[in-house]
Amino acid sequence: MAGVITVRLPDGSTKELPAGTTALGMASSIGKRLAAAAVAAVVDGAEVDLDTVLPDGAEVAVVTADSDAGRTVLRHSTAHVLAQAVVDLWPGAQYAIGPAIADGFYYDFSLPGGATFSDDDLEQITTKMRAIMAEDQPFVRQEHAIDEGLALFADQPFKREIITGVAGDSALQAEASADFVPDAAVVTTYRNTDSFVDLCRGPHVPSTGRLGHFALQRVAGAYWRGDEKRPQLQRIYGTAWESDKALAEYLTRLEEAERRDHRRIGAELDLFSFPSEIGSGLAVFHPKGAAIRRLMEDYSRQRHEAGGYQFVYSPHITKADLFEISGHLQSFAEGMFPPIEIDEGQSYYLKPMNCPMHILIFRSRQRSYRELPMRLFEFGTVYRYEKSGVVHGLTRVRGLTMDDSHIFCTRDQMAGELDSVLTFVLDVLRDFGLDDFYLELSTRPEGKAVGSDEDWHDATEALRAAAQDKGLELVMDEGGGAFYGPKISVQARDAIGRYWQVSTIQLDYNLPARFGLEFIGADNGRHQPVMIHRALFGSVERFFAILLEHYAGALPTWLMPVQVVVLPVRDDHNDYAETVADSCRKAGVRATVDIADEPLGARIRRWKMEKVPYILVVGDDDANSSTVGVNARGSERPDRGVGVDAFVAAVVAEVESKGSPEIRRDSAAGAAGR
RNA sequence: GCCGGUGUGGCGCAGUGGCAGCGCAGGCGAUUUGUAAUCGUCAGGUCGUGGGUUCGACUCCCACCACCGGCUCCA
C-alpha cells in the first residue's frame, strides 16, 4: 500500500512507518529516550544523518551517543564546531582536516600570517564553541559537483586539495584522508551558517545543540597529511562525550594514567633519573631502581639458561665496516650516533644493534649442524640517535639495553624453534604479571624486501602457525615487516587497558647472506642457517617502565627491593624487631628494621609511600608471644597477632608464586567472608 | 628535526623591572610512640646555561641546553 514502508530493525523485527519517515522519526516512534540519544543512523549498512528519509525495505539501526559509533559522530561534529569557532576568531584561517580519533578529535589549521595557537587561546575558543552550541545551529548536508566544490572552497587550499584528490585517484585519497571517503564525482558538505561550511562525508548530529560535553586539551604542530616535507599546521586536540559524566570519567582516567606515569613514579620512589649533564635520553639507575632491574635481569638469565641459551658479551663500539656489511649504515645511519674518527680515517660507531656481533661469534669458526639451534643471548646495551623531540622517559631513550637473542638454526628447525621461542616469551612475560596479549604478524613490505618469495612465504607461515598455536588473537600488519624478514610482535595489555608492544620475534634472510653464514650439514655440504632475532623485554629500560605503569609502582613482592619492614613500637622493641627481620632474612626475604625514633604513624606512612609489600609492627604483645602485626600493602586494616613463622612462610610462598599482597588479601578476604 | 609550552633549594610550588619566599624532604634537639604526617630549631638557591637591554633583570630580548604535549621517525 502506498504511504507505508516497512523497515527491518537490528533485532530482526520489522516496523511499518508512513512513507517519508526519517531515521529520527523512526527512533521517535520506538521511544522518546531512543530519539533523544540518537545522533545518526545506519541505513542498509551506511552511516547517515538522522534526517535521512528511509526507503521501503531498509535495514535501519539507530546510532546512539553512548556507543562507539555515536561518540565518533559527536566528536566529528564537535571538531566542526571547533573549526567554525577558530575561523570566526581568526578571520582568514584555513582549515584542513578534523577527524574523530580514539577518545577525542582534532582539527588542523593554518592561521593567517603564520600565527600559532598558544594554550591560552583554548579558553576563548571553548567559549566561542559553547556559544555556537547554544545557538543550536543545524548541520545541513549538501552535495556538489567537483567544480562547485572547488568554487565553494576557493580560499581553502587544503579543502581544494582534498576535492582534487576526489576527482583523481579515489582509493588513494581515501587512504590519505581518513576524514573523507570520496564518492564518484560528488563531494558533500555540511553547512552550519552562511559563514561556515565544511567538506565532510558525515554523518553529523542534527544540530550543534546536541553537543557540549567536550574539552579542548592542547595545541600541537602537525604536518599536513603527516608529511614532514609539507607545511606544518596548527592542531588542536579535544575530547567529547555523550554526557558530562562520561567526560568526567574520561578525564579521571587520564589522571589515573598520569598517576601511573613511570617518570613520576621513578622520581617518587627514587629509582632512576636523567641528569641533563649526561645528555638527553640517557638514564642512570639509582640503588633502588637498580635493585629492581637486577631482579628482573637475574630472573631473565635464570630462565634463559634453563631455556638452552648461551650467554655472550660484545663491545659497545665497532669499526664502520661491520655496519656496512650488515647494511645498517646504508639504511639507518641517521639513527646512529655520528662516528668517532681515529687512526687516520678509521671510523668507529656506537652499536645500534647487537646482531652483527652475535653473527661474528657464530662465524668465528666452522659450525656443524649438530650445534644448531644455537641460541646466543646478551643484555646488550645499544645507542641510537633518537631525534630530540622523541625521547620519552625510559620508553624512548638514546641508550638502552636489549635482552637480545639471536638464534641460528636450520631451515627444518625453523618452525619448531619459532614455536618454542614464542612459548618461552609468553611464559616469561606471564611471570612478570602480564597475561593479556594479542599477537601482531607483520608481513612482507612492498617492493623493498630481500629474499625469495618462497622464503617469505615459508617464514610467514611458520610465524603464523606458531602464533595460531597459542590461541591468542592474531592481528595482521600487512606489509609492516622489515625488508629482511617477517615478524611477530607480542602486545601486552596493562592494568588500565593500554597495550604495549613488548617482545618481537623476527626472521632474517638478509644478514646470514650478507655475512656469508654457513654450517656443515649432515650431508657434509655447506648450508646457510636461518636467523631469528628475538627480544623478550624488548628494551630492559622500557620494560621496567611498563611494569611500573602496569603496577602503578606497587610491584609484586618478588621484584621489590625491600619486601618487609619491621617497625618496633618503642625503642625497647628494637631488639625483637631485629629478631623478626633476621627470621625473614634467613628465609631469603629482604627485610629491614626502622627503629622507633619517630611516631609509629609517621613511619608507617613513609613505608606505605614506598609501596613496601609488608609493614610489620611489633610491640609488647608481639615480643611476648613471637607474633607480628601485619600491615599488608593495599589493605585497610592490619592483621594483629600473626605468628612470625607463619608470616615468613606466607611471604616465601608469595615470592615463589610471584604474587602481590593485594592479590593474597583478596583471596584471604574471600575466604574470611564465608 | 618541526610546532606549542615549561625551567625558582632534593621534591612540589609562589613570586609581572627595585632586599628570592612557602610547604614537604634534610641536619640538630626534645618527644618513647600499636597502624598513613609529634614539636621546636637550623641549614640549604649566582632563579637551566651563555649573551644582551637597563641605574637596576627571576622578571624584558637573543642563542643554547633540558624537560612536557604533539607531528615526523622508531632497524
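None of the values given here were measured: they were computed from a predicted structure. Order of the sequence lines fixes the chain letters, A, B, ..., with proteins taken first and strands second; residue numbering starts at 1 for each chain.
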Single hit among W90(A), Y95(A), F117(A) for ring-ring contact (aromatic ring centres under 6.0 Å, His included) with F109(A):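 In the set W90(A), Y95(A), F117(A), the residue that makes a ring-ring contact (aromatic ring centres under 6.0 Å, His included) with F109(A) is F117(A).
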Can you pull out the residues from [range] that lie within a 4.0 Å heavy-atom distance of RNA chain B?
{"range": "residues 279-292 of chain A", "result": "S280(A), G281(A)"}
{"range": "residues 226-241 of chain A", "result": "G226(A), E228(A), Q232(A), Q234(A), R235(A), Y237(A)"}
{"range": "residues 400-407 of chain A", "result": "none"}

When the [atom1] atoms of [M] and [N] are compared, how many Å lie between them, rounded to an integer?
{"N": "C47(B)", "M": "A20(B)", "atom1": "P", "result": "10 Å"}
{"N": "C67(B)", "M": "A30(B)", "atom1": "C1'", "result": "42 Å"}
{"N": "G4(B)", "M": "A43(B)", "atom1": "C1'", "result": "40 Å"}
{"N": "G21(B)", "M": "G44(B)", "atom1": "C1'", "result": "13 Å"}

Can a salt bridge be assigned to the pair [X] and [Y] using a cut-off of 4.0 Å between side-chain N and carboxylate O?
{"X": "D622(A)", "Y": "R640(A)", "result": "no"}
{"X": "R230(A)", "Y": "E161(A)", "result": "yes"}
{"X": "D594(A)", "Y": "R603(A)", "result": "no"}
{"X": "D103(A)", "Y": "R253(A)", "result": "yes"}
{"X": "K387(A)", "Y": "E334(A)", "result": "no"}
{"X": "D572(A)", "Y": "R570(A)", "result": "yes"}
{"X": "E478(A)", "Y": "R444(A)", "result": "no"}
{"X": "E610(A)", "Y": "R606(A)", "result": "no"}

Donor-acceptor contact below 3.5 Å, side chain K159(A) vs main chain A96(A):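 Answer holds: yes.
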Residue from R514(A), H533(A), M531(A) passing side chain to side chain contact (heavy atoms under 4.5 Å, CB included) with Y484(A):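 Result for side chain to side chain contact (heavy atoms under 4.5 Å, CB included) with Y484(A): H533(A).
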ring-ring contact (aromatic ring centres under 6.0 Å, His included) against Y237(A), all qualifying residues, sequence neighbours excluded: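 By the ring-ring contact (aromatic ring centres under 6.0 Å, His included) rule, Y237(A) matches Y106(A).
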How is [X] classified with respect to the nucleic acid when contacts are heavy atoms under 4.0 Å: base, sugar-phosphate, or nothing?
{"X": "Y484(A)", "result": "sugar-phosphate"}
{"X": "A222(A)", "result": "sugar-phosphate"}
{"X": "G389(A)", "result": "base"}
{"X": "D621(A)", "result": "base"}

Leading and trailing nucleotides of RNA chain B with any atom under 4.0 Å from heavy atoms of chain A: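 Span of nucleotides near chain A: G1(B) to A75(B).
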Pairwise 5' ranking along RNA chain B for E598(A) and S118(A), keeping only the more 5' one: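 Nearest nucleotide further toward 5': that of S118(A).
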Most 5' of Y223(A) and P352(A) on RNA chain B, judged by nearest nucleotide: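 Checking each residue's closest nucleotide, the 5'-ward one belongs to Y223(A).
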Selection residues 316-327 of chain A - residue pairs positive for side chain to side chain donor-acceptor pair (under 3.5 Å), sequence neighbours left out: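 For residues 316-327 of chain A: S326(A)-H328(A).
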Parallel, tilted or perpendicular: rings of F285(A) and F272(A) (30°, 60°):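 Ring orientation, 0 to 90° scale: tilted.
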